[in-house]
Every structure is written in structure tokens, then in C-alpha cells.
Asks: 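The structure that follows is given in the form of C-alpha cells.
The chains referred to below are lettered A, B, ... by the order of the sequence lines, with proteins before strands, and numbering in each begins at 1.
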There are 2 protein chains.
Amino acid sequence: MTTIQESAGRGRPRSERAEKAIVDATLDMIGEGVTVSELSIEAVASRAGVGKTTIYRRWANKEDLVVDSLATLRLPMPEPGGADVRADLVEYLEVMRSESSELRNRCITNIALNEADRFPDLYRRFRELVIEPRREAFRQVLRRGVATGELRPDLDVEVAMSMLVGAMLFHTKMSGPGYPVPDDLPERLVDEALRGFRYDVTRNVAS
Amino acid sequence: MTTIQESAGRGRPRSERAEKAIVDATLDMIGEGVTVSELSIEAVASRAGVGKTTIYRRWANKEDLVVDSLATLRLPMPEPGGADVRADLVEYLEVMRSESSELRNRCITNIALNEADRFPDLYRRFRELVIEPRREAFRQVLRRGVATGELRPDLDVEVAMSMLVGAMLFHTKMSGPGYPVPDDLPERLVDEALRGFRYDVTRNVAS
DNA sequence: AGTTTTCGAAACGCGACCGTTGCGTATCGT
DNA sequence: ACGATACGCAACGGTCGCGTTTCGAAAACT
């Protein structure tokens, strides 16, 4: 908790509703693509229908507000069904796809991709809190696939992850009004990745 | 050319040096991760060692300055060697990798990934000028591979492109002081993509 | 009832940047 | 030489957001 100080519960208690409105406004604006640099406390206050005082009483600065707001995003990667590697990979990519369609969740990628350089502290905490757990879950699916023999024993897991996740991010970032992410993209990505691009007459006759 | 007007060559001619300094400063700042919104004419002028007047005399607004600056980035994709699909793919990814290490060239991805929503005009022109030609070149390599029989006839070319380019962008965006892009990433990416992840005892024994 | 704390709102002085204008100087064509 | 234009620089009035302060009202405690 980066909150500046708990008030000794003597007088009027802090409004839960105001706090939620502030965090919501913050997340929404970041989700819409507003940079942390551009994010103004005044705009957050106005959007949340709250006085600036109410914000400054809780957070010392903008970065703390953003950190705490992002921390409220609990987006657990689901335990993979575990039927097979293909199903698990598709499931995870599908999570990414569906999340990307909600404005709120876009702030995850927006922060991760845009703010790393300028707010290293924010990025580091965000990386530990959100990014790494997800990478690890994804990594485990691939490792398990190697262990079960579904995937090549010499598969470069990190590179494989980059390909699938990178392709997904690529599409979601490029997506927009005119360029929606196809519903079946996760399946198509996983299938192409599993089969490989090369034409091999001894094997690829169709699945 | 978005330049506001050519002066009738009567008096003192406009300084080539100043113009170059302005464009250089603009590109450098964008390459460093400064948003177009954040980019201030004052900062550009100061960095270029130039008066604001000199900028406003040439460009009507910030967006025009950015458009013209980006247009000076002539970054032709090389004609691929054409030895085989693998070599061509590695070559193109290698171009992306090496470009990403130069600050100046980072403004390509920065603009493409961060400014699409807020500056649709800028993004559209940039897309036509830089992005689409490169996508098309990349696409041709894959199509040629299908035509020569090196790649599967039913390969989903768009998905394949997303995987390779997306993975590369993913790494370059994530890269930084502590996270350099491995030199051999292009090769590793292409090899994993061509082979596929799946373990197939009838085929994968090594290359 | 009285105390304490928070609430939203408004205003403060401060600094950054806007786009414009005027200044004295430099550099071109005629 | 002379007029025209561009140069860098400094200043203008204006807007925006900063972080702080003050205000009267509201909501909890003893």
C-alpha cells in the first residue's frame, strides 16, 4: 500500500466511494491510452467527481496513485484446463484476446509497452505484480508440453513464448475500430506455431 | 511536403542546417520515447539550437513537423538475397533487430505503436509510407516460399507474419539497458517457426 | 453536544508551453 | 548599396496543470 497514511479513525472516515471513483477514473484513462506523463490529477479528480484534496490526501504523487490503481487489477491467469498443450495455449491467448477488448484491461499492455523507459520504478513493480506471473504461467504450459512429449525436447521455450505472445500483442495493439482482432486468432496462431511453416512431404498432409 | 510555403527566393534563403537540426532533434526525441503530445516546439527549438520562429516559419503545427520529419527517414527494406526462405526471413528480422539498437530508428515503432489512437492522420500517413511497404516485402518472402514449395501450401501468411514480426517487436520493445535483444534472435525465431513446436517422432530428429 | 476528520469546491502562486511579435543581425538577389 | 528575407533571441498574453490552502458542510467519534 502506497497510501500516504491511514487516518486515526477519529473523525469522519474516508469515503470508499470516492476512492473507488478515483481508481476507476485513473484506470479508465490509462486504458484509453493516456500516458502516465499526460495523466493529470486535475483530470482524474474531475472525471471521478472528486476534489483534488481527496486525491492528495491519499497519494503523495501521481506515480503512487497509478501503482495502487494498477494493483487493484486482479487479473489471475486461469489454471489451464490441462487437456493438452494446444488447448492450454489457446486458452491463455484467448484470455489475452478477450481482455484486450475491454478498455480497462488495455492499461496492462499500455503501461508495459509505453512507460517502461520513463517510469522504471512503476514498470518494475508492475512487472513483478502482473507481467512475470503471467509469463511464468505461460512458460509452465510449454515446459509441461515438453515434459509430456507433446513438444520438441529441444524447444526454445522463451522464443516460443515470444512468438505466441508477441503475435497476440501485435494484433491487439494494432487493433482498433477498423482492425478488430479475429475471434479465432488464438487457435490459428497456436496451430501454425505447433505445425511449423515448413513444407515437409514426409509429414504434413493435413491434420 | 507539408512545409507551409516556399519563400520566393528573393531575400536570404532558409538555412539547410537549421532545418536539418530541427528534424534531427524531433526524430531524436521521438526515438527516446517522447510522445507526440508531449513533444514541445520549445524543446525542439532549444535542442536544435534554433529559434521558435524558424520552426513556425516552416511548419504550421506540430503534427506537420512530425510527419515531415518521419518522411525523411528513408529506411528501405533491402532486396532479400533470395537464397532460400529461411535466409530471407532472417535477413528481414535482422534488419529490425539492428535498427532497434539505433535510437533514431526506434521512433518508427514508437510512432506505430503508441500514437495510432491519438493522431490517426499521422498514423495513416506513416502506415502508408513505412509500415505497409515493409509488411508487403515481408509478405512476399513468405508467398514466394509457398510458391517454391519450401513452405506449406496452406500456410496462413498473415498469421505467420504476425508471429515473426510480433516476436521481434516484443523483444525490441521490452529491450533496454538490462534486457538486450540477443544477436541470434532472428535465426532462433525463424528456425523455431519453420520447424514448429510439436514433437513428431516421424520427423524431428534434428536438422 | 462537541471534537475531529473528510468531503467537494474554489482560489492561490508557480512554472511550462503555446503561438505571435519585435529586435538587431546576417545573408541572399538585384 | 539596397531591399528582402531568414536568423537567434527575448518578451508578450493566454492556457493548463501543478501542489497548497481555505472554506462551509457532512459524517463519524467521545
Asks: Reckon A:Arg58 has a side-chain N or O less than 4.0 Å from the OP1 or OP2 of C:dT5?
Replies: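 No, because none of the side-chain N or O atoms of A:Arg58 sits under 4.0 Å from OP1 or OP2 of C:dT5.
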Asks: Quick one: side-chain contact (heavy atoms from CB on, under 4.5 Å) partners of A:Ser175, sequence neighbours excluded?
Replies: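 Counting only residues at least two positions away or on another chain, A:Ser175 forms a side-chain contact (heavy atoms from CB on, under 4.5 Å) with A:Arg106, A:Val181.
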Asks: Using the side-chain hydrogen bond (donor to acceptor under 3.5 Å, both in side chains) criterion, which residues pair with A:Asn105? Sequence neighbours excluded.
Replies: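 Checked A:Asn105 against side-chain hydrogen bond (donor to acceptor under 3.5 Å, both in side chains); zero matches.
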Asks: Using side-chain contact (heavy atoms from CB on, under 4.5 Å) as the criterion, list what pairs up with B:Val157, not counting sequence neighbours.
Replies: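 Only B:Arg139, B:Leu142 meet the side-chain contact (heavy atoms from CB on, under 4.5 Å) criterion with B:Val157.
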Asks: Holding to side-chain hydrogen bond (donor to acceptor under 3.5 Å, both in side chains), I want the full list of residues that pass it with B:Tyr92, two or more places apart in sequence or in another chain.
Replies: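 Once residues adjacent in sequence are excluded, B:Tyr92 has no partner under the side-chain hydrogen bond (donor to acceptor under 3.5 Å, both in side chains) criterion.
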Asks: Tell me, please, which residues at least two apart from B:Gln140 pass side-chain hydrogen bond (donor to acceptor under 3.5 Å, both in side chains).
Replies: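 Scan of B:Gln140 (side-chain hydrogen bond (donor to acceptor under 3.5 Å, both in side chains), adjacent residues dropped) gives B:Glu136.
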Asks: Output all residues satisfying side-chain contact (heavy atoms from CB on, under 4.5 Å) with B:Ala43, sequence neighbours left out; order by chain, then residue number.
Replies: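 Checked B:Ala43 against side-chain contact (heavy atoms from CB on, under 4.5 Å); matches are B:Met29, B:Ser40.
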Asks: Go through the structure and list residues passing side-chain contact (heavy atoms from CB on, under 4.5 Å) with B:Asp183, not counting sequence neighbours.
Replies: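 With sequence neighbours excluded, B:Asp183 shows a side-chain contact (heavy atoms from CB on, under 4.5 Å) to B:Arg97, given in chain and number order.
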Asks: When the distance from CD1 of B:Ile55 to P of C:dT20 is rounded to whole Å, what number comes out?
Replies: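 Whole-Å distance recorded here is 13 Å.
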Asks: Any side-chain heavy atom of A:His171 sitting closer than 4.5 Å to one from B:Ser162?
Replies: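 Yes - at least one pair of side-chain heavy atoms lies under 4.5 Å apart.
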Asks: Under 3.5 Å, which donor-acceptor pairs do the side chains of residues 45-52 of chain A form with other protein atoms, sequence neighbours left out?
Replies:
from	atom 1	to	atom 2	distance (Å)
A:Arg47	NH1	A:Glu32	OE1	3.4
A:Arg47	NH2	A:Glu32	OE2	2.7
A:Lys52	NZ	A:Glu42	OE2	2.7

Asks: Would you call B:Leu73 and B:Val130 a side-chain contact if the rule is heavy atoms closer than 4.5 Å?
Replies: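 Not in contact.
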Asks: Please list, in numerical order, the residues of residues 25-35 of chain B that have a heavy atom closer than 4.0 Å to any atom of DNA chain C.
Replies: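 Hits under 4.0 Å, by residue number: none.
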Asks: Could you tell me how far apart A:Glu16 (CD) and D:dA26 (P) are, to the nearest whole angstrom?
Replies: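 Between P of D:dA26 and CD of A:Glu16: 21 Å.
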Asks: C:dT6, OP1 or OP2 - any side-chain N/O from A:Ser15 closer than 4.0 Å?
Replies: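 No.
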Asks: For B:Arg17 and D:dG8, what is the distance between atoms CZ and C1' respectively, to the nearest whole Å?
Replies: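 From B:Arg17 CZ to D:dG8 C1': 11 Å.
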Asks: Between the protein and nucleotides 27-30 of chain C, list every N/O to N/O distance that falls short of 3.5 Å.
Replies:
from	atom 1	to	atom 2	distance (Å)
C:dG29	O4'	B:Arg10	O	3.4

Asks: Give the rounded distance in Å between these two atoms: CZ of B:Arg57 and P of C:dT20.
Replies: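 Rounded to the whole Å, the gap is 12 Å.
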Asks: Output all residues satisfying side-chain hydrogen bond (donor to acceptor under 3.5 Å, both in side chains) with A:Asp156, sequence neighbours left out; order by chain, then residue number.
Replies: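 A:Asp156 satisfies side-chain hydrogen bond (donor to acceptor under 3.5 Å, both in side chains) with B:Arg188 only.
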Asks: Assign a letter to each nucleotide of nucleotides 14-24 of chain D from its 5' end: B, base within under 4.0 Å of a protein heavy atom; S, sugar-phosphate only; -, no contact.
Replies: ---SBBBB---
